[in-house]
Amino acid sequence: MPSTSPKKNTDYSGHESIEVIGAREHNLKNISVALPRNQFIVITGISGSGKSSLAFDTIYAEGQRRYMESFSAYARSFIGNLERPDVDKINGLSPVISIEQKTTSRNPRSTVGTVTEIYDFMRLLFARAGEAFSYLTGERMVRQSEDQILDAIISNFSGKKLTLLAPIVKGRKGHYRELFVQIRKQGYTKVRVDGVVQDIIAKMQVDRFKIHDIEIVIDRIVPDAKDRHRIGQSVNTTLKEGKGVIIALEENGDTHHFSKFLMDPKTGLSYDEPAPNNFSFNSPYGACPVCTGLGVIEEITEDSIIPDKKLSISRGGILPLGEYRDIWIFKKVEAILKRYKLTLTTPIKDIPKDVMKILLHGDDVPVAVPSVKYPGTEWNTKFEGILSFLQKLKDDGTENIKKWVEDFTVTKICPECHGARLKKESLHFKIDKKNIAELSELNIDALKKWFDGLETRLNEKQKVIAAEILKEIRKRIGFLLDVGLDYLHLNRPLRTLSGGEAQRIRLATQIGTQLVGVLYILDEPSIGLHARDNVKLIKALKDLRDLGNSVIVVEHDKEMMLECDYLVDVGPGAGRHGGNIVAEGAPKEFLKNKSTTSKYLNGELAIRYSKQRRKGSGETLSLLGATGNNLKNVDLEIPLGTLTCITGVSGSGKSTLIHETLFPILNQHFFNSRTEPLPYKKIDGLKLIDKVIEVDQSPIGRTPRSNPATYTGAFTDIRDLFAQMPEAKIRGYKTGRFSFNVKGGRCETCEGAGLRLIEMEFLPDVYVPCETCKAKRYNRETLEVRFKGKSISDVLDMTVEEAVTFFENQPKILRKIETLNEVGLGYISLGQHATTLSGGEAQRVKLATELSKRDTGKTLYILDEPTTGLHFQDISHLLDVLQKLVNKGNTVLVIEHNMDVIKSADHVIDLGPEGGAKGGKIIAIGTPEEVSKNPAGYTGKFLKKEL
């Protein structure tokens, strides 16, 4: 019997390991490493030590380059060549698939259902096995064969006079002169136009601007069983001319519809044969015509342009018009008001509704405005209305104008489909009394239950059709449950997911493809996962390995490191101090090493925390009766002056409570933001804080022009410093000369970006260094101005650590850079392009920016999983920074799954007990010790182990 142990791994490729020889990408110090194939490997190390450089920029980049090399020369000419990573050679490399956090789609049309393909299979299921119902009467739609139609006519209308009509025009405008000529040529003499039977005469036509129904009169019959053959011929002809539809007209004017397609027997409403694209909200055949399949519409409403009705129009009551100026539109508005004996100084609340309607939506009566150019004459033009004008700008204006109009738009649920995204015909195809949109709103857990035993609720024909499709759907739902995503629903847009969730969805999709012999590289898939679900994720990764794949994970999670087959630690420090392999081996051997990571794993080092929990200032910020999404009337009390942790399994309602309810309320209160919070009853304690700062993981900029120096504001001070240099004063250079965003000092080839964007047809866009300035961003003259022997470009290339010593005598600059160093970002360079920062790094840049500002001691900071991408050592730095903030009297509210942070908090609020519909309640409150003794929920159990 063959051995099943995964130790000896010569697979079909003949290689036992993936050998990387001489890697020098970024900060890697010419390292060589052999990673065993077909095993589950974790690469770990301090932030910035070079883990990603090894996994993504070396191994993945080389794999992708080799894939590109396999294209024909013709195809490659469109794509361009990919840069070869700086490595001597890599042996034993399989095809590589990377699952990163940054590659999720920002498109509102991408949903969990479309990415996992579950929705595509459901579309097929509904197109082939769905039952159609009429949206007018709710009756089941029927389709009949020619024989069934013939039998129905003979049995139901025996002995009655009937006229057989073939519909050819249904509800369309036109004069149809040619059509009548054509019908006459075919030998028919009568037609029924809009319910009236007429003879066809020469040059016959109808009113071209009215909507018409036209049918050909094929035959007049008195149904009788013995004339079956003759009536059958007429029915056949009628079906041919009417494209599968017959209307039987009785003498008293009653009509009866028969069809070979789906038809409502009462009203004659017919549907097209269903196809999968009839159920797709991304196809014109299925999407709701009003919202084009988005489920929401952007609308400019009266309330959004007139927030305060006590103001008059001249005082700026209508926001887009602003205060009175001597311009055309105010003169028009004045002329309309004059007609109704009103003026521009009348408060808007006193203007009658019908007059407001004309101002907002316009009317057809010309408005006379006196001409400035030709005194004594008047311009008579129609007024199109302020809302209509804004709508036109929104559709056809320039980018800047569209942005301006966006301030007045409100997102509303589509009034036609009520958020279901599909046409009404598509929503009336049902299986077991549910339509496809209702299924998309169920969470994955509930969806699984609905699909379980579905066969018992289907008829024989449906069972045969659905058998294979159901197998595929169940398999994919199973994979999503395996990676702990049971609380999501298929309609959830991909852009609203956290980095970890999106990664786990792609992981589930990959497990579904059942590929073998592939190298998967993942970037921290455990982000956003509660310790409970981590077990599921590790099992999913092991399943990938057991199929015969190699799995490399860049990860800081303790469980994951101990469960893997092979562990590689890159370090010892960050940036220049890293880039070496400090330790490697199976977890058991690894623990005997003396590297920082192994010390944290075997318990020699631990993240310290104070047993003394702060009581806070004694005052609380209270949010009462929150009911958004899955929250069950939650009352949240945050003790001020403490480090408070919000915990709970994924999907338990943490983000709904904090990001979508509490933060928008505070943001509206302090900064007049437009984002509406989810429903709640009331909030108390707003007077006790003076501002709110949210530090999330969204990028600090979407282009290479954004960087840590510009974001923190240090770059403005650095430019001022360079403008003070004697050389700059002699040449007359001002601060603007040292900006890479304006003309003057920058390199004009790349317009100061240092990189040029190469647009790829089929792949993500690629940035290449500018060949004129060699990525220095500035022209030669600007670079000649130096401070302590360094040009402005050299300063941007410095790491934060170097900059701290370089600017030690410039307190204004130092304060901003020092905080970057404190949050563990000493290894990034000041000018590092924002597009290359990970989510966790971007979050820490924002945190550092906020820390460098003078705080008032009454600020509320909200952080979402700040430990993302952090090693044990970095977490301990971060906690020091957060504790400093709280010591000054501020309140820090952290949403976190990391037990090291939770055990260091003063106050823990645990939501749960499960995700989705089974969550949304606060199940434990108190100090970490109190929560660990609480049997409800999962956080307590894991916290107990830590404490």
Side-chain angles (χ1 to χ4, degrees), residues 122-157 162-172 179 183 186 191-192 195 211-219 221 223 231-250 254-280 283-289 422-431 433 435-436 458-462 464-466 469:
M122 278 168 47
R123 284 176 17 212
L124 186 62
L125 180 68
F126 273 83
R128 300 290 175 257
E131 294 177 327
F133 293 85
S134 162
Y135 60 75
L136 295 174
T137 60
E139 292 284 315
R140 177 171 295 186
M141 310 281 266
V142 288
R143 51 158 83 84
Q144 296 166 311
S145 67
E146 203 170 309
D147 282 344
Q148 285 171 318
I149 294 173
L150 185 57
D151 292 340
I153 288 176
I154 292 173
S155 59
N156 295 345
F157 305 105
L162 269 195
T163 307
L164 294 184
L165 307 171
I168 44 171
V169 172
K170 193 174 175 189
R172 304 236 308 267
L179 182 70
I183 294 170
Q186 285 173 304
V191 284
R192 176 170 175 258
I211 289 175
H212 302 289
D213 293 328
I214 302 175
E215 295 101 19
I216 306 175
V217 176
I218 301 285
D219 198 358
I221 54 172
I231 296 169
Q233 284 178 319
S234 297
V235 167
N236 182 299
T237 311
T238 314
L239 283 171
K240 206 185 278 167
E241 295 292 349
K243 305 236 166 25
V245 181
I246 292 183
I247 298 176
L249 176 67
E250 290 190 65
D254 286 352
T255 56
H256 303 274
H257 296 79
F258 300 95
S259 170
K260 285 168 103 172
F261 307 116
L262 290 169
M263 176 174 268
D264 176 359
K266 282 192 178 167
T267 58
L269 171 75
S270 70
Y271 292 169
D272 290 335
E273 274 303 299
N277 62 3
N278 290 97
F279 300 97
S280 165
S283 153
Y285 297 103
C288 159
L422 297 170
K423 296 182 169 169
K424 51 179 185 253
E425 291 90 333
S426 308
L427 294 174
H428 282 79
F429 280 81
K430 297 191 177 176
I431 292 179
K433 301 189 184 123
N435 65 30
I436 194 165
L458 299 178
N459 60 37
E460 284 309 312
K461 183 183 165 200
Q462 284 176 314
V464 176
I465 296 170
I469 306 175

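Numbers for residues simply follow the sequence, beginning at 1.
Summarising the geometry, atom CZ belonging to Arg123 is positioned 14.0 Å from atom CZ belonging to Phe429; distances are rounded to the nearest 0.5 Å. Here Thr255 contributes atom OG1 and Leu162 contributes atom CG; the two are 11.5 Å apart, rounded to the nearest 0.5 Å. Put simply, CG on Leu179 and CD1 on Ile216 are 7.0 Å apart, with the number rounded to the nearest 0.5 Å. In this structure, CD1 on Ile436 lies 8.0 Å from CG on Leu125, to the nearest 0.5 angstrom. The CG atom of Leu249 sits 5.0 Å away from atom OG1 of Thr163, with the distance rounded to the nearest 0.5 Å.
Annotation: salt bridge (charged side-chain N to carboxylate O under 4.0 Å, His left out) contacts of Arg143 (sequence neighbours excluded): Glu273. Residues passing the side-chain hydrogen bond (donor to acceptor under 3.5 Å, both in side chains) test with Asn156: none are found, sequence neighbours excluded. When the salt bridge (charged side-chain N to carboxylate O under 4.0 Å, His left out) test is applied to Asp213, no partner is found at least two apart in sequence or on another chain. Remark: Arg140 engages Glu131 in a side-chain hydrogen bond (donor to acceptor under 3.5 Å, both in side chains) (not counting sequence neighbours).
In this structure, the side chains of Val191 and Ile168 stay at 4.5 Å or more apart for every pair of heavy atoms. No side-chain heavy atom of Val142 sits less than 4.5 Å from a side-chain heavy atom of Leu262. Here the side chains of Cys288 and Lys424 are not in contact, with every heavy-atom distance at 4.5 Å or above.
The shortest heavy-atom contact between Ile431 and Gly130 is CG1-CA, 3.8 Å. Between Ser134 and Leu269, the shortest heavy-atom contact is OG-CD2, 3.6 Å. Thr267 and His257 make their closest contact through O-CE1, 3.8 Å (heavy atoms, listed as atom of the first residue, atom of the second, distance). For the residue pair Ile154 and Pro223, the shortest heavy atom distance occurs at CA-CB, 4.1 Å. When every heavy atom of Phe279 is checked against every heavy atom of Leu422, the shortest pair comes out as O-CD2, 3.5 Å. Nearest heavy-atom pair, Ala127 versus Ala275, reported as atom, atom and distance to 0.1 Å: CB-C, 3.6 Å.
Aromatic pair His428/Tyr271: ring centres not closer than 6.0 Å.
Residue pairs meeting the salt bridge (Lys or Arg N to Asp or Glu O under 4.0 Å) criterion with at least one member in residues 258-272, sequence neighbours excluded: Glu139-Lys266.
Between Phe157 and Phe258, the angle of the ring planes goes over 60°, which puts this pair in the perpendicular group of the 30/60° scheme.
Of the candidates Val464, Ile465, Leu458, Ile465 is the only one forming a side chain to side chain contact (heavy atoms under 4.5 Å, CB included) with Lys461.
Judged by distance alone, the side chain of Asp151 and the main-chain N or O of Gln148 form no donor-acceptor pair under 3.5 Å.
With hydrogens and angles left out, the side-chain atoms of Glu146 and Asn236 include a donor and acceptor closer than 3.5 Å.
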Verdict with reasoning, Leu164 to Ile153, per side-chain contact (heavy atoms from CB on, under 4.5 Å): CA-CA 10 Å; Leu164 294 184; Ile153 288 176; 4.3 Å; yes
Quiz: residues 237-245 side-chain donor-acceptor pairs under 3.5 angstrom, not counting sequence neighbours:
unit_1, atom_1, unit_2, atom_2, d
Thr237, OG1, Gln233, O, 2.9
Thr238, OG1, Ser234, O, 2.6
Glu241, OE2, Tyr188, OH, 3.4

